[in-house]
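Structure record follows, encoded as structure tokens.
Side chains are part of it too, since the values below use all heavy atoms of this structure and drop only hydrogens, waters and symmetry mates. Ligands are counted one by one from 1 in listed order, and the atoms in each one are counted from 1 as well.
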Amino acid sequence: MRRFWRLVEEPMDSTAVARDTSLEGSSARWPSEIYDAIIRDALGDRILDGHEPLAGHLSAADLLRAYAAARVSRTMDVRERTLQAQGRAWFSIAGAGKEIIGWAFARHLRLSDAKLPYYRDRTLLLCSGVTPEEMFLQTAGALSDPSSGGRQMPSHWGYRKLGVVSQSSPTGSQCISGTGLAEGIVRATKLGVPLDTPWVEDSVVYVSIGDGATAEGEVEEAIREAVRTSAPVIFLIEDDRYAISVPVTWNIPGGDAAALYRHYEQFGALVLQCDGTDPVAADAAAYQAVSYARARNGPVILHALVTRHMSHSSTDTQDQYRTPEELADEAARDPLLRLSKLLRDAGVLDDESEKSLDVGAAKLVSEAAVRAVDAPRPDPDRLLVDVTACDFNDRKRENAPDATGEPVEMRYALNRALKEAMEADERIVVYGEDVADAQFPGLPGKGGVFHVTRGLQFSFPNRVWNSALAEATIIGTAIGHSLAGLLPVVEVQFRDYLHPAWQQLVDEAATMRWRSNGDWTCPMVIRMAYGGYLGGAGALWHSESGVGMLSGIAGIRIVCPSNATDAA
Ligand SMILES: Cc1ncc(C[n+]2csc(CCOP(=O)(O)OP(=O)(O)O)c2C)c(N)n1
Ligand SMILES: [Mg+2]
């Protein structure tokens, strides 16, 4: 514990980082109108005019905007719990303590940057252009909730127009698709394939998680893959020292998340640590992180030390496992208090003006909540809309195989079909374990353990490649490639080895369309072989169909051809 706070007390020297304005994000231009109005009401019309730095690169106007947005965010956290107590909402998970690091990233990310934020990022979203009312519509489970049409829990963000990709609930599971999206943006740009809205050539990907989620294997897979491919993705670890009730050292050996990733620096990753409650340090770190990824230097891992001023969620009571002393100590390090002190010490705020700001924020939140809570709920008749792109009833009857023409083995028919499809559709990319041909000219090449992809890499050198030996990475990055605008056709070497990718398939890929109310989709084809290995000697782990498990997943279509014609 002592070590942790020593780090917090060593702020980064932000002014030592020279700023290249061509790499700057939205900076002071984040959509701050509603916060500006609160500030002007409280402090007069001229207060936002000055641009002189007051602390680090930040002006009084920047810091006032941070305060107003953070205060709105905190007030929303509290209001959501009140709504639940009143029976007007069902769940709440607060962003309290994470406001300043969120505001800092919103300053430097652009609308065209991808954001895969976890549930604590309320302030990041407010500063990226989501209104309090839009957030409360999700709290209320309203049909007009722009994130999910009332289908998801509160704080499960997703706003296509703002580059916020729909988020699911499993902790850390968005990391691999974040890496895949960063890879996909680079790859599609190189191939000249149009990027999906709202991505552009130099978009970066922001992914955030908590300290506990770093223990998830998929988080490690995502970071390792990003380092391997030099993907322009930023992993922000918002470390509040707890995963629900579990202290950080149970999840992270030694309790220092940045130390876990330092070894990746030798391969081009930037590993940073900052006090995420300090506006100057947070702004400097966010700037550095975004600039590094934007310049295509590689991925960034930023460990931000933050606080948690409310219980984990509305179903948790933190004084059951945290001492009053610890809670009081943390309350004294509240980022809002810190910001208020900075502004008071500089003579920008006093008792009266701070109170007026808080009253303005409370009014905004109150009015938004009142408007949202009575909004109509989803129509049960629409429950099955957007489960998949296809109509459930359009399954074709099986045709008898066409017995005319040249006999061909199924795998070679597949090979030809893939080649034709790739010629016809520039978006198709093919990857998986061993699917590439050979890196040395003159050799026939591998082209898959069943040779289904043989020759494809020779024909389409930049559209076919070997993945790492990691199935969650294959399907998770396929989600990202698909979100970028490509059409991934990936191979899982044997159906039996789908299991490591189960979460990516079931929780991420299969739910994308439904959970976002049709706003986000990630079409892809996953090819898997089963049944035919070594005359039956394959048995367990090389031959099982698993069709029972697969047929129960909503959101995917299973195609199981019995003959070469159908397969192709
Ligand atoms: C895969 C998975 N396991 C368990 C949970 C339940 N759960 C939700 S949040 C959480 C703790 C996360 O802690 P941390 O990553 O430190 O983030 P924090 O909430 O502290 O910001 C757990 C266990 C989950 N959502 N997903
Ligand atoms: Mg935590």
Side-chain angles (χ1 to χ4, degrees), residues 1 4 8 73-74 77 80-81 90-102 105 116-125 152-157 166-178 207-223 235-258 260-261 273 275-277 301-318 320-322 326-327 330 333-335 472 476 499-508 510-511 515:
M1 201 65 185
F4 167 57
V8 172
S73 183
R74 183 72 61 90
D77 288 342
E80 227 176 36
R81 297 212 177 172
W90 297 268
F91 181 73
S92 169
I93 192 153
K98 287 82 180 172
E99 291 94 344
I100 292 306
I101 190 69
F105 266 97
L116 285 73
Y118 86 133
Y119 45 83
R120 301 275 184 223
D121 279 352
R122 189 190 293 287
T123 315
L124 171 100
L125 277 297
Q152 287 228 66
M153 295 169 97
S155 303
H156 283 53
W157 325 109
S166 169
Q167 294 303 294
S168 65
S169 281
T171 54
S173 70
Q174 77 277 33
C175 291
I176 305 183
S177 46
V207 182
S208 63
I209 54 170
D211 48 291
T214 58
E216 295 284 1
E218 288 189 356
V219 174
E220 181 54 38
E221 264 191 48
I223 293 177
F235 298 96
L236 170 65
I237 300 160
E238 298 180 33
D239 177 1
D240 61 8
R241 315 308 281 169
Y242 278 93
I244 307 186
S245 66
V246 180
V248 66
T249 44
W250 283 86
N251 278 307
I252 299 176
D256 179 355
L260 292 179
Y261 307 110
Q273 196 164 39
D275 178 350
T277 67
I301 300 133
L302 169 58
H303 176 204
L305 301 157
V306 291
T307 46
R308 192 183 87 185
H309 301 286
M310 295 170 75
S311 295
H312 167 78
S313 72
S314 53
T315 58
D316 175 50
T317 311
Q318 65 176 348
Q320 291 173 349
Y321 53 86
R322 300 182 75 183
E326 184 182 287
L327 289 170
E330 192 174 55
R333 286 179 280 103
D334 185 331
H499 302 173
W502 194 247
Q503 176 162 274
Q504 290 301 313
L505 176 67
V506 178
D507 296 306
E508 291 295 327
T511 63
R515 74 181 194 236

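Which parts of ligand 1 touch Gly210 is read off a 4.0 Å heavy-atom cut-off, strictly below it: atoms 14 (P), 15 (O), 16 (O), 17 (O). When each atom of ligand 1 is checked for a heavy atom of Tyr242 under 4.0 Å away, the hits are 16 (O), 20 (O). The Tyr119 neighbourhood of ligand 1 comprises atoms 9 (S), 12 (C), 17 (O), 18 (P), 19 (O), with distances under 4.0 Å to a heavy atom of that residue. Set against the non-hydrogen atoms of Tyr118, the atoms of ligand 1 under 4.0 Å away are 17 (O), 21 (O). Of all atoms in ligand 1, numbered sequentially from 1 with element shown, those under 4.0 Å from a heavy atom of Gly212 are 14 (P), 15 (O), 16 (O).
One N or O on the side chain of Ser208 and one on the backbone of Tyr118 form a donor-acceptor pair closer than 3.5 Å. Within the 3.5 Å criterion, the main-chain N or O of Asp240 finds a donor-acceptor partner in the side chain of Asp211. Panel note: side chain Gln273, backbone Leu305; no donor-acceptor pair is recorded below 3.5 Å. Put simply, the side chain of Asp316 never gets that close to the backbone of Ser311: no donor and acceptor are under 3.5 Å apart.
Any N or O atom pair closer than 3.5 Å counts here, and Arg120 shares at least one such pair with ligand 1. Of the N or O atoms in Pro170, none lie within a sub-3.5 Å distance of an N or O in ligand 1. Between Ser169 and ligand 1, a contact under 3.5 Å exists for at least one N or O pair. Taking only nitrogen or oxygen atoms, main chain and side chain alike, Asp240 reaches within less than 3.5 Å of ligand 1.
Remark: atom 6 (C) of ligand 1 lies closer than 4.0 Å to no protein heavy atom.
In this structure, Trp250 places its CH2 atom where only 12 or fewer heavy-atom neighbours from other residues, nucleotides or ligands lie under 6.0 Å away.
Between Tyr119 and His312, the ring-plane angle classifies as perpendicular under the 30° and 60° cut-offs.
Among the backbone and side-chain atoms of Glu238, none of the N, O or S atoms lies under 2.8 Å from the Mg ion (ligand 2). Within the coordination shell of the Mg ion (ligand 2), defined by N, O or S atoms under 2.8 Å, Asp239 is absent.
Distances shorter than 4.0 angstrom occur between a heavy atom of Asp211 and an atom of ligand 1. Note on ligand 1: His312 sits in its first shell, one or more heavy atoms being nearer than 4.0 Å. The shell of residues lying under 4.0 angstrom from ligand 1, judged by heavy atoms, includes Glu216.
For the residue pair Gln504 and Ala472, the shortest heavy atom distance occurs at CG-O, 3.5 Å.
Nearest protein neighbour of atom 26 (N) of ligand 1, counting heavy atoms only, is Thr171 N, 3.0 Å. For atom 10 (C) of ligand 1, the closest non-hydrogen atom of the protein is Ile244 CG1, 3.8 Å. Remark: minimum distance from atom 15 (O) of ligand 1 to any protein heavy atom is reached at Ala213 N, 2.9 Å.
Between Glu80 and Arg122 a salt bridge is recorded (basic side-chain N to carboxylate O distance below 4.0 Å). Electrostatic pairing of Glu330 and Arg241 does not count as a salt bridge here, judged by no charged N lying under 4.0 Å from a carboxylate O. In summary, Arg308 and Glu238 do not engage in a salt bridge, as defined by a charged side-chain N under 4.0 Å from a carboxylate O.
Taking the Mg ion (ligand 2) as the apex, the angle formed with OD1 of Asp211 and OD1 of Asp240 is 90°, to the nearest 10 degrees.
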Margin query: Determine whether Tyr261 and Phe235 satisfy the following criterion, side-chain contact (heavy atoms from CB on, under 4.5 Å), listing intermediate values before the conclusion.
Written below: CA-CA 11 Å; Tyr261 307 110; Phe235 298 96; over 6 Å; no
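A donor-acceptor pair shorter than 3.5 Å cannot be found between the side chains of Glu216 and Ser173.
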